[in-house]
Amino acid sequence: MTKKKEKRILTGDRPTGKLHLGHYVGSLQNRVELQDKYDTFLIIADVQALTTNFDKPEKLSEDVRQVARDYLAAGIDPEKTTIFVQSLVPEIAELTVFYSMIVTVNQLRHNPTIKSEAEQYGYKEMSYGFLGYPVSQAADITFCQANLVPVGEDQIPHIEQTRKIVRKFNNMYGEVFPEPEALISDFPRLMGLDGKNKMSKSLNNAIYLSDSKDEVQQKIMQAKTDPARIHKDDPGHPEVCTVYHYHQAFNSEESDEIAEKCRAGTIGCVACKKRLAEKLNAFLAPMRERRKKYLENPELVDRILMEGTEKAREEAQKTMEKVREVMKIDYFKK
Ligand code: TRP
């Protein structure tokens, strides 16, 4: 028998495309470890994806499955983690409406992540759904009574907003929810292949978990290195080189030696990149192996999502029963 895990985790992503090495280093790797210790719920937040992609809803069905395959390939185990789809748990939408009465528009307007995302998307005016997505995220976190929310720093304002809502709800109507805490990942952001920005799909500088061996090799061979190295035996500066940063992240046993040889000009960029590409491909090999099974049997992925969603709904229904009871809107309950 598996030991009952005491604390519950909820975390997740908006499905907007393929996940990359930056996602792996920043969150997936951590989730794979946490699933052994905690009862883990993983939300594929398709409704939240619509807050910015409302004009392309037809993309969602593939994006949801893509993210699910990336999770499974990365080692998320559906026996340990409940993977589910946000829009298929209508109780989340219901809870969002109740929460929306106890959040002020000003709190949302001042949320720094909302502000910077609105700027990033060039919104002069925000939709009600976009401005309010932190409220919906509070419902994501609390419908399953989560205690811990592993996230990156940009999500802290949303967790703070969730805690405010929970305190207010519990005070006003009765104790229904635990106050969730953020588990902040302190992994350094992985740089993109351009060596200038963090790895990101929109900047076209990413290595995807689903890239083939050849794609990885090609991307690494084209990556920017130390601009001061023109000839193979020029002394290099590994600290400014993206390829070296990847050696540190994915080839830590050799990275000191590589830095030394780079500084001495005794390893050229081409050789250094070849070694990295080999390492990365070895690192991605088990993921490719697992992904193959799911690509060949897409119905397996759908079944995992359906079962996970069913389990999430059961939790949601239990919670909503309590919510209606403390709010005294269970009119016909005997
Ligand atoms: N906002 C998160 C992101 O953009 C995704 C998300 C949706 C989430 N619901 C959540 C994260 C609940 C943690 C908990 O990455």
Side-chain angles (χ1 to χ4, degrees), residues 7-20 22-28 30-31 34-35 38-54 60 63-64 66-68 70-71 76 81-89 91-93 95-96 99 108 111-121 126 129-166 177-185 187 189-190 198-202 308-309 312 315-316 319:
K7 289 210 171 167
R8 182 165 285 177
I9 277 185
L10 181 127
T11 188
D13 298 280
R14 302 177 196 190
T16 54
K18 300 181 273 192
L19 300 183
H20 51 63
H23 291 116
Y24 187 84
V25 173
S27 66
L28 290 174
N30 191 30
R31 293 174 188 173
L34 292 169
Q35 67 182 348
Y38 299 100
D39 181 15
T40 305
F41 280 67
L42 195 47
I43 187 169
I44 303 184
D46 58 339
V47 181
Q48 196 177 108
L50 278 179
T51 62
T52 53
N53 287 352
F54 51 87
L60 279 176
D63 283 352
V64 164
Q66 173 73 47
V67 170
D70 282 334
Y71 285 166
I76 299 288
T81 294
T82 305
I83 310 174
F84 68 100
V85 181
Q86 186 185 30
S87 65
L88 299 179
V89 183
E91 289 77 10
I92 294 178
L95 190 55
T96 304
Y99 283 168
L108 295 167
N111 180 309
T113 298
I114 289 285
K115 279 201 217 165
S116 68
E117 285 176 353
E119 202 172 306
Q120 181 193 328
Y121 294 114
M126 281 178 249
F130 178 81
L131 177 69
Y133 91 70
V135 186
S136 153
Q137 190 158 330
D140 297 341
I141 294 168
T142 53
F143 87 85
C144 64
Q145 311 277 327
N147 310 98
L148 296 169
V149 192
V151 282
E153 284 208 330
D154 61 317
Q155 298 293 303
I156 296 176
H158 302 340
I159 313 300
E160 280 309 313
Q161 179 67 78
T162 303
R163 290 163 62 86
K164 265 204 186 100
I165 292 173
V166 164
F177 300 106
E179 201 172 312
E181 276 173 54
L183 256 184
I184 305 300
S185 74
F187 305 101
R189 288 279 193 166
L190 196 66
K198 66 173 197 197
M199 193 173 277
S200 152
K201 181 170 54 100
S202 54
T309 301
E315 292 296 314
T319 296

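Indexing begins at 1, ligand by ligand and atom by atom, following the structure's order. Note that the structure is a prediction, hence the values are computed from the model and not measured. The first residue in the sequence is number 1, and the count goes up from there.
When Q86, R14, H23, Q137 are ranked by how near their heavy atoms come to atom 10 (C) of ligand 1, first place goes to Q137.
Heavy atoms of other residues, nucleotides or ligands lying less than 6.0 angstrom from CD of E179 number more than 12. Within 6.0 Å of atom CD in Q120, more than 12 heavy atoms from other residues, nucleotides or ligands are found, so the atom counts as buried in its surroundings.
Residue Q48 approaches ligand 1 through these ligand atoms, each under 4.0 Å from one of its heavy atoms: 1 (N), 2 (C), 4 (O), 5 (C), 6 (C), 7 (C), 9 (N). Of all atoms in ligand 1, listed by their number and element, those nearer than 4.0 Å to a heavy atom of D140 are 7 (C), 9 (N), 10 (C). Proximity to L10 (heavy-atom distance under 4.0 Å) selects the following atoms of ligand 1: 12 (C), 14 (C). Remark: ligand 1 atoms within the under-4.0 Å shell around heavy atoms of V151 are 13 (C). If you number the atoms of ligand 1 from 1 as listed, the ones under 4.0 Å from a heavy atom of A45 come out as 7 (C). The ligand atoms of ligand 1 that sit less than 4.0 angstrom from a heavy atom of V149 are 13 (C), 14 (C).
When non-hydrogen atoms are compared, ligand 1 lies under 4.0 Å from the side chain of Q155 (C-beta onward) but not from its backbone.
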(message) Using the rule given for side chain to side chain donor-acceptor pair (under 3.5 Å), can you reason through T142 versus Y99, listing the C-alpha separation, both sets of side-chain angles and the distance that settles it, and then say yes or no?
(response) CA-CA 11 Å; T142 53; Y99 283 168; 2.7 Å; yes
(request) Let me see the working for T40 and T82 under side chain to side chain contact (heavy atoms under 4.5 Å, CB included), right down to the final yes or no. (result) CA-CA 6 Å; T40 305; T82 305; over 6 Å; no
(request) Please assess D140 against L10 for the test side chain to side chain contact (heavy atoms under 4.5 Å, CB included), listing each intermediate value before the final yes or no. (result) CA-CA 8 Å; D140 297 341; L10 181 127; 4.3 Å; yes
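Q145 and E315 are not linked by any side-chain donor-acceptor pair at a separation below 3.5 angstrom, with hydrogens and angles left out of the test.
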